[in-house]
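Any value given below was found using the heavy atoms of this structure, including those in side chains, with hydrogens, waters and symmetry copies removed.
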Amino acid sequence: MASKRPPRWYFSLRSPYSWFAYRDLMATHPEVLDSLDWLPFWEPDQETAKLLAEEGVTLPIVAMSRAKNFYILQDTRRLATERGLTQITWPVDREPCWEVAHLAWIAAEDEGRGKDFVAAAYRARWQEGKNISEPAVIAAIAEELGLDAQRLSTASQDAELRKRGAALLAESAHDGLFGVPFFITGRDKYWGLDRVESFVRAVQGAGGTTAPKTDAPDPAAHADLLPAGGDAGHAGGCG
């Protein structure tokens, strides 16, 4: 019998809601956060999208409306204020390449420093106003952590890391991810910042119900069965 997968969370270095979920868990349940499998999610560039297409994987990514984009900006400020975060910047992402940061995370994880890299990248993006799609910013983070700056800053150019990154995105699709932060324990899935405490209770065995097993189609191969609107979903998580 296959062993049960441990609880896991999908984070994105792009998402403010992933950042808040990370901070909240670090502040209130660091032992739970440390026990999880950490898996990255990002919007792939054309090269990664081609690798996914070759495997028949479709990610459920939809365009965000201008109105929702402005709402998330306002919501991020509000959530930051509630958490006493006065030093926060709203990044201006011009033609971002999210592989630069997220494939660098894989390289850092290989050295046992993935969690430290996440902390540094979130700080750089949300509190220092730095562009984590710039290799120089990733190199500086690597140097701060005592890692190979050349390897991390050029991770997006590494074919093997590309393949591993595509495999992680494929895994997210098979897990039914449609936005971040996204948490899974057993068959139960929790999406969004407002589900963090429910997820923690489930992991700790202090409440929650277990979803019944169903013969649902693989989301990675059938992302078009339930077409989403322009930006379906609440603001507690983003795709």
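Here the closest heavy-atom approach between residue P181 and residue A21 is recorded as CG-CB, 3.8 Å. The two residues L152 and A142 make their nearest non-hydrogen contact at CD2-CB, 3.8 Å. Scanning both residues, A166 and L52, for their nearest heavy atoms gives O-CD2, 3.3 Å. Residues T185 and P7 come closest through the heavy atom pair OG1-CG, 3.8 Å. The minimum heavy-atom distance between Y122 and L13, with the atom names listed, is CE2-CA, 3.7 Å. The minimum heavy-atom distance between I141 and A121, with the atom names listed, is CD1-CA, 3.8 Å.
No side-chain heavy atom of T86 sits less than 4.5 Å from a side-chain heavy atom of I88. T81 has its side chain out of reach of L85: every pair of non-hydrogen atoms, C-beta onward, lies at least 4.5 Å apart. Put simply, the side chain of I132 does not reach to within 4.5 Å of the side chain of V100, judged on heavy atoms. When side chains are defined from C-beta on, F70 does not count as touching Q74, because their heavy atoms never get closer than 4.5 Å. In this structure, the side chains of E111 and F117 stay at 4.5 Å or more apart for every pair of heavy atoms. For the pair V180/Y17, no side-chain contact is recorded, criterion being any heavy-atom separation below 4.5 Å from C-beta on. Within the 4.5 Å cutoff, side-chain heavy atoms of I72 are placed close to those of P16. Residues Y190 and W9 form no side-chain contact, since every pair of their non-hydrogen atoms from C-beta on lies 4.5 Å or further apart.
Tracing side-chain contacts under 4.5 Å through hydrophobic residues (I, L, V, M, F, W, Y), one never reaches L168 starting from L51; they form parts of separate clusters. At a threshold of 4.5 Å between side-chain heavy atoms, the hydrophobic network of Ile, Leu, Val, Met, Phe, Trp and Tyr places V200 and L39 in one connected group.
Interatomic distance, N131 CG to E95 CD, rounded to the nearest 0.5 Å: 11.0 Å. Separation of atoms OG (S133) and CZ (R94) is listed at 12.5 Å; rounding is to 0.5 Å. A distance of 6.5 Å separates CZ of R201 from CD of E197, quoted to the nearest 0.5 Å. To the nearest 0.5 angstrom, H29 atom NE2 is 11.5 Å from S35 atom OG. For the atom pair CG (L25) and CG (L193), the distance works out to 9.0 Å, reported to the nearest 0.5 Å. We find the OH-CE distance between Y71 and M64 to be 12.0 Å, quoted to the nearest 0.5 Å.
Using bins of under 30°, 30° to 60° and over 60° for the plane-to-plane angle, the ring pair W98/H102 lands in the perpendicular bin. A parallel orientation is assigned to the rings of W19 and W126, their planes being inclined by less than 30° (bins at 30° and 60°).
Heavy-atom neighbours of E55 CD from other residues, nucleotides or ligands within 6.0 Å: at or below the threshold of 12. Remark: Q87 CD is loosely packed, at most 12 non-hydrogen atoms of other residues, nucleotides or ligands lying under 6.0 Å away.
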Let's go through D45 and T48 carefully: what are the C-alpha distance in whole Å and the side-chain angles of both, what is the deciding distance for side-chain hydrogen bond (donor to acceptor under 3.5 Å, both in side chains) to 0.1 Å, and is it a yes or a no? CA-CA 6 Å; D45 63 9; T48 301; 3.2 Å; yes
Which is it for R5 and D37 under the salt bridge (Lys or Arg N to Asp or Glu O under 4.0 Å) test, yes or no, and what are the steps along the way? CA-CA 9 Å; R5 290 188 65 183; D37 279 353; 5.2 Å; no
Show your working on side chain to side chain contact (heavy atoms under 4.5 Å, CB included) between E31 and Q204 and close with a plain yes or no. CA-CA 10 Å; E31 75 291 346; Q204 295 176 332; 3.5 Å; yes
Take R162 and S156, measure what side chain to side chain contact (heavy atoms under 4.5 Å, CB included) needs, and give me the verdict at the end. CA-CA 7 Å; R162 279 270 179 182; S156 63; 4.3 Å; yes
Does the pair S198 and R195 meet the rule for a side-chain hydrogen bond (donor to acceptor under 3.5 Å, both in side chains), with working shown? CA-CA 5 Å; S198 295; R195 298 295 189 268; 5.9 Å; no
Worked check of side chain to side chain contact (heavy atoms under 4.5 Å, CB included) between F183 and R8: CA-CA 6 Å; F183 305 89; R8 55 201 180 277; over 6 Å; no
Do W42 and L169 pass the side chain to side chain contact (heavy atoms under 4.5 Å, CB included) test, and can you show the C-alpha distance, the side-chain angles, and the key distance before you say yes or no? CA-CA 8 Å; W42 68 94; L169 290 179; 3.7 Å; yes
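When the side-chain hydrogen bond (donor to acceptor under 3.5 Å, both in side chains) test is applied to E144, the partners found at least two apart in sequence or on another chain are R123. Residues passing the side-chain hydrogen bond (donor to acceptor under 3.5 Å, both in side chains) test with D116 are R113, sequence neighbours excluded.
The six-membered or imidazole ring of W38 lies away from that of W105, with a centre-to-centre distance of 6.0 Å or more.
In this structure, R14 pairs ionically with E43, as a charged nitrogen and a carboxylate oxygen lie closer than 4.0 Å. Salt bridge absent: D158 and R164 never bring a charged side-chain N and a carboxylate O closer than 4.0 Å. Ion pairing of R151 with E160 is absent here, as no side-chain N (NZ or NE/NH1/NH2) approaches a carboxylate O to less than 4.0 Å.
Looking at T89, its side chain does come within 3.5 Å of a backbone N or O of G129 through a donor-acceptor pair. Between the side chain of S18 and the backbone N or O of S12 there is at least one donor-acceptor pair closer than 3.5 Å. At distances below 3.5 Å, not a single donor-acceptor pair connects side-chain atoms of R77 with backbone N or O atoms of L73.
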